Amino acid sequence: MPDIASPRLSRLRGFIGDFTRLVERSGDDEAALTDAGRHLLADLVAVDDWLPDAYAQPDPVHYRQYLLHCDPFERFSVVSFVWGPGQRTPIHDHTVWGLVGVLRGAERSIRYDLQPEGGPPVAHPPELLRAGAVEAVSPRIGDVHAIANALADTPSISIHVYGGNIGAIHRSVFEPLTGQRKPFVSGYANTTLPNLWDRSATAAQAA
Ligand code: FE
């Protein structure tokens, strides 16, 4: 595990500290939280040198989601999404606020409006998100979307932040032709987390 002592993990450690402070400060003000959170996430994905390889591995068949951090009170979680060539999510909701920041490659995001009487979700025009771009979702501003890797021959990676322990939240996916809702709980691909706290290399340098 050569990444354990990477000083570059300090970027992620700093982001988590800043985001924890932001959540403390914002309370129930979701708009203030996501507005400021966008900037923190934009700074995190502006430089692609910190994500350990273990959390950047695509799967041949399905996109992967690796938990990088969950707040001890489950107020927010940070997840690395890794998309193999051509991989995509189903149409889905979140039920909490979410921020998506593209770290590597490019992604195509399509928002949907659910029809009150049922029927197929109505698609908005697709948006191309290149590395460095950040977008937000939530029940307040539009919570239903689908994301795909925009690259046909290369993995793409995005860092997502959600207003809860997203892998354990009861959510829904929607059939594109009928709008039929199906419950799902996403879980995570990993069983261990990046070690943000081995600061021995820095400590040794300072000695
Ligand atoms: Fe999503």
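FYI, the numbering just counts along the sequence from 1. Note that ligands are numbered from 1 as they come in the structure, with each ligand's atoms numbered from 1 the same way. None of these values were measured; they are calculated from a predicted model.
In this structure, the ring of His145 has its center less than 6.0 angstrom from the ring center of His94.
When you scan the N, O or S atoms of His94 for the one nearest the Fe ion (ligand 1), you land on NE2. His145 contributes NE2 as its N, O or S atom closest to the Fe ion (ligand 1).
Here salt bridge (charged side-chain N to carboxylate O under 4.0 Å, His left out) pairs that include residues 88-117, with residues two or more places apart or in two chains, are Asp48-Arg104, Asp93-Arg181.
For residue His160, no N/O/S atom approaches the Fe ion (ligand 1) to within less than 2.8 Å.
Below 30°, between 30° and 60°, or above 60°: for Phe19 and Trp97 the angle between ring planes is below 30°, a parallel geometry. Using cut-offs of 30° and 60° on the angle between ring planes, the pair Tyr63 and Phe81 is parallel.
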